[in-house]
Each structure stands twice: as structure tokens, then as C-alpha cells.
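Heads up: the structure comes next, in C-alpha cells.
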There are 2 protein chains.
Amino acid sequence: MQQMLEKLREQKFRITPQRLAVVKILAHSKNHPSVEMIFEQVRRDFPTTSLATIYKTVSLLKELGEVLELGFPEGGNRFDGNNPAPHPHMICVRCKKIVDPPLEALSGLTREASQKTGYTILSHRLDFFGICPECKQNN
Amino acid sequence: MQQMLEKLREQKFRITPQRLAVVKILAHSKNHPSVEMIFEQVRRDFPTTSLATIYKTVSLLKELGEVLELGFPEGGNRFDGNNPAPHPHMICVRCKKIVDPPLEALSGLTREASQKTGYTILSHRLDFFGICPECKQNN
DNA sequence: CTTCATGCAAAACATTTGCAGCTGG
DNA sequence: CCAGCTGCAAATGTTTTGCATGAAG
């Protein structure tokens with residue numbers, strides 16, 4: 001969170017109450033929130049905030065490299081404000097929860113892919129879709 | 001391609017010229033075409049075809065499990081008509097080409113992810129973003 | 001003070017839907 | 001024939017944009 005604010009100040013972007021609220025949510029939530037979720041939370045403190053501002057703020061933070069956007073074709077994009085580096089996600093298809101698993105075997109895979117195709121690999125995205133332990137229990 | 005047509009007939013869906021054209025494109029193209037690309041190609045043979053029909057056809061084929069949709073947040077969704085099972089993709093960020101690398105280390109990764117998080121894994125998606133050999137050459 | 005950000009509304013997209021008329025089997 | 005497809009246009013949902021007002025620094 002401090003890092004995000006630092007980056008904003010550094011580049012002469014203003015720290016407005018709305019931006020502060022968005023940053024706070026992104027930095028603290030473990031839920032990979034959607035624009036809509038951020039919007040609703042910000043509204044609790046600043047009821048006049050508009051969706052456009054949320055969009056503007058998150059794309060600003062994205063450009064600064066401080067948040068990662070996880071796009072989905074169905075339109076429910078989610079944001080990760082804790083770890084802007086690419087990393088795998090575990091997505092529960094029932095409750096839509098997204099967690100970050102600690103995986104080790106990934107770098108070998110990247111190397112293999114690069115060798116076999118001749119591509120220079122810049123980034124990647126790995127999502128697993130499944131059912132989380134809680135949802136399995138509350139069947 | 002024959003398999004797609006078979007599946008359509010089997011479920012009593014009509015083989016219209018438009019559907020045939022879409023199936024042909026999906027079965028033959030190695031380019032993972034977008035809806036727009038399919039639309040333009042179909043229009044060459046059937047100039048009155050509407051975008052809505054393309055959308056309806058690809059989502060029908062998707063429901064039948066005959067094509068895989070690769071969704072992107074930027075809206076440029078692409079389709080894979082050759083291999084409906086989830087598999088990794090190499091995406092060139094310059095020319096947008098998408099190829100399928102033959103990767104072996106993936107099943108181990110899935111197992112590791114499942115063990116570490118307790119999720120039951122149903123599916124996954126792995127995309128590498130980079131620069132393809134051709135683009136590197138034509139720098 | 002000056003510049004930039006906000007908030008509203010309208011615009012821009014991509015995709016979906018409703019429906020009259022057409023057509024494949 | 002006639003159920004189900006097509007093509008049009010309108011509806012939808014999400015994200016973007018333009019611009020006047022307001023607030024940060």
C-alpha cells in the first residue's frame with residue numbers, strides 16, 4: 001500500500017480520497033476484487049464516487065505496474081493488488097474465490113515452452129479452475 | 001471437421017451453409033481465429049451473413065464441446081477448433097499469433113497445485129506471452 | 001491559483017436477444 | 001411442410017470518453 005502511494009506521488013499523481021480508498025482496498029483484500037466490488041466498498045465511505053473514477057484509478061495503477069488485472073471473457077475482471085508479478089491462480093468455479101498457490105514447478109515449464117517453440121517468453125498466465133475445500137464441504 | 005458436423009447432425013441441428021462455413025474455418029485454421037476473423041471469411045462466400053449468426057454458431061459449437069474459447073479481457077476472444085481439451089498457448093504479443101506448444105511438465109504442476117491448496121482441479125488455462133521467432137527476425 | 005481529478009452523462013464496444021421471414025431436411 | 005435458422009435491429013452490459021465543476025498541492 002505504501003508502495004502504491006509512493007509510486008503515485010513519485011509520478012506527480014494526486015492522492016485524492018477516492019484514490020486512497022481504492023489503493024487501500026487493493027492492498028488489503030485477499031479476494032482479488034472486481035471493479036464492481038471495489039466500487040461498492042468505496043461507496044461506503046464516499047457515496048458520490050462514480051464507477052468511471054474506479055475504472056480510471058485501477059487502470060492508472062495497472063499502468064504503474066502496481067496491480068495485475070485478471071481478465072475473464074465473461075466480463076468479470078478481477079484485480080490483484082498484492083503481487084503484480086505473474087503467478088498462478090486457483091479459481092473456485094462455485095464461489096468464485098481466487099487464491100494464490102505456492103508453486104515450484106513453473107520455471108521449468110517456462111523453459112521447456114521457450115525451447116520447443118523458439119519464443120522469447122515475457123510473461124505468462126496460469127489459472128486452475130476447480131472447487132475449493134470449503135465448497136466441497138458445504139456441498 | 002467431420003467430427004463437428006457429425007456432432008451437429010447427431011443432435012438434430014441443421015447443417016446450414018453458414019454453419020458449414022464456420023465449421024470449415026475453425027477446423028482448418030491454425031490461427032485461433034477471432035469472431036471477427038471468422039465473420040470476414042464467411043462473408044467472402046456468403047456476403048449477407050450477420051455477425052449474430054457467427055456468434056450463435058460458435059457458442060453452439062462451444063456447448064457441444066467442439067471448440068475451445070480463449071477469452072481475453074481486451075475483448076479479442078479467439079477460438080481453437082482443433083483441440084477442445086485445455087492446453088497451453090504461446091501468444092505473440094506483436095503479431096498476435098497463437099500456437100500450441102507440446103509441453104510435458106504440466107501434469108506434475110496440476111498435481112502440485114491440487115495438493116497445496118486442497119482444490120479439486122477441473123480444468124486449467126496456461127498462456128505464455130512473448131515474441132515469436134518470425135517477429136524477432138523481422139525486428 | 002493552476003492543474004488535475006471527479007462525476008455525470010453520453011459514447012463506444014462486444015455480445016445477446018426478439019422476432020418476422022426464409023429454408024433445410 | 002414446419003421446426004429451427006438467419007439476419008436485422010434493438011437491447012444489454014461493460015468499459016471509455018468529454019466536459020464542466022471542484023479540490024489537491
Side-chain angles (χ1 to χ4, degrees), chain A residues 4-26 32-64 66-79 96, chain B residues 4-25 32-64 67-79 96:
Chain A
M4 291 197 217
L5 295 177
E6 193 50 45
K7 202 99 167 210
L8 283 171
R9 263 190 286 266
E10 190 177 285
Q11 316 242 349
K12 310 246 192 291
F13 290 109
R14 291 179 183 162
I15 311 289
T16 63
Q18 293 89 335
R19 282 185 179 161
L20 188 61
V22 172
V23 164
K24 208 176 285 183
I25 290 162
L26 282 170
H32 300 71
S34 65
V35 173
E36 215 64 40
M37 293 174 198
I38 297 170
F39 179 54
E40 281 163 29
Q41 277 202 249
V42 174
R43 278 233 145 172
R44 292 215 266 273
D45 295 327
F46 298 89
T48 65
T49 307
S50 73
L51 244 189
T53 298
I54 308 294
Y55 276 106
K56 286 167 189 166
T57 304
V58 294
S59 52
L60 175 60
L61 290 168
K62 208 171 39 165
E63 275 162 37
L64 296 178
E66 287 301 314
V67 302
L68 189 69
E69 179 171 13
L70 293 176
F72 294 95
E74 317 78 41
N77 291 9
R78 307 276 288 262
F79 293 86
K96 309 296 180 200
Chain B
M4 290 196 217
L5 295 177
E6 193 49 46
K7 201 98 166 209
L8 282 171
R9 264 192 284 268
E10 190 177 285
Q11 315 241 352
K12 308 247 191 293
F13 291 108
R14 291 183 184 160
I15 313 289
T16 63
Q18 294 89 335
R19 281 185 181 162
L20 188 60
V22 172
V23 165
K24 208 176 286 182
I25 289 162
H32 300 69
S34 65
V35 173
E36 216 63 41
M37 294 172 196
I38 296 171
F39 179 54
E40 281 163 29
Q41 278 202 247
V42 173
R43 278 233 145 172
R44 293 214 266 272
D45 294 328
F46 299 89
T48 64
T49 307
S50 72
L51 245 189
T53 298
I54 308 294
Y55 275 107
K56 285 167 188 165
T57 304
V58 295
S59 52
L60 175 60
L61 290 168
K62 210 172 37 164
E63 275 162 36
L64 295 178
V67 303
L68 189 68
E69 180 171 13
L70 292 177
F72 294 96
E74 316 78 40
N77 290 8
R78 307 276 289 261
F79 292 87
K96 309 296 180 201

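Quick caveat: nothing in here was measured; it's all calculated off a predicted structure. A, B, ... follow the sequence lines: proteins, then strands. Residue 1 opens every chain.
If you check every strand for non-hydrogen atoms under 4.0 Å, B/Ser59 touches nothing.
Between B/Asn77 and B/Phe13, it is B/Asn77 whose nearest contact on DNA chain C lies nearer the 5' terminus.
At whole-Å resolution of the value, CZ in B/Arg19 and C1' in D/dC5 are 6 Å apart. Whole-Å rounding puts the A/Glu36 CD to D/dT15 C1' distance at 11 Å. Atom-to-atom, CG of A/Leu51 to P of C/dA12 comes out at 19 Å; the value is rounded to the nearest Å. At whole-Å resolution of the value, CG in B/Leu8 and P in C/dG24 are 15 Å apart. Spacing between atom CG of A/Leu60 and atom P of D/dT16 amounts to 13 Å, rounded to whole angstrom units. Across the protein-nucleic acid pair, B/Phe72 atom CZ and D/dT14 atom P stand 21 Å apart, rounded to whole Å. Going from atom CD of B/Glu40 over to atom P of C/dA14 covers 12 Å, rounded to whole Å. The separation between A/Leu5 atom CG and D/dA24 atom P is 15 Å, rounded to whole Å.
Between the B/Asn77 side chain and the B/Ser34 main chain, no donor and acceptor come within less than 3.5 Å of each other.
Proximity of A/Gln41 to A/Lys24: side-chain heavy atoms (C-beta onward) are nowhere separated by under 4.5 Å. Side-chain contact between B/Val22 and B/Thr53: absent, with no pair of heavy atoms (C-beta onward) separated by less than 4.5 Å. The shortest side-chain heavy-atom distance between B/Val23 and B/Thr57 does not fall under the 4.5 Å cut-off.
A/Glu66 contributes atom CD, which lies 10.0 Å from atom CD of A/Glu6 (distance to the nearest 0.5 angstrom).
Remark: B/Gln18 is in phosphate contact with D/dG7, judged by side-chain N or O atoms under 4.0 Å from OP1 or OP2. Dashed line: the shortest gap from a side-chain N or O of A/Arg14 to OP1 or OP2 of D/dA23 is not under 4.0 Å. Contact annotation: B/Thr16 side-chain N/O to C/dG24 OP1/OP2 distance is not under 4.0 Å. Contact between the side-chain N/O atoms of B/Ser50 and the OP1/OP2 oxygens of D/dC8 is not found at any separation under 4.0 Å.
Comparing C/dG7, D/dG7, D/dC8 by their closest approach to the side chain of B/Thr49 singles out D/dG7. The A/Ile15 side chain lies nearest to D/dG25 when the options are C/dT6, C/dG24, D/dG25.
The base of D/dG7 sits within donor-acceptor range of the side chain of B/Lys56, with an N or O pair under 3.5 Å.
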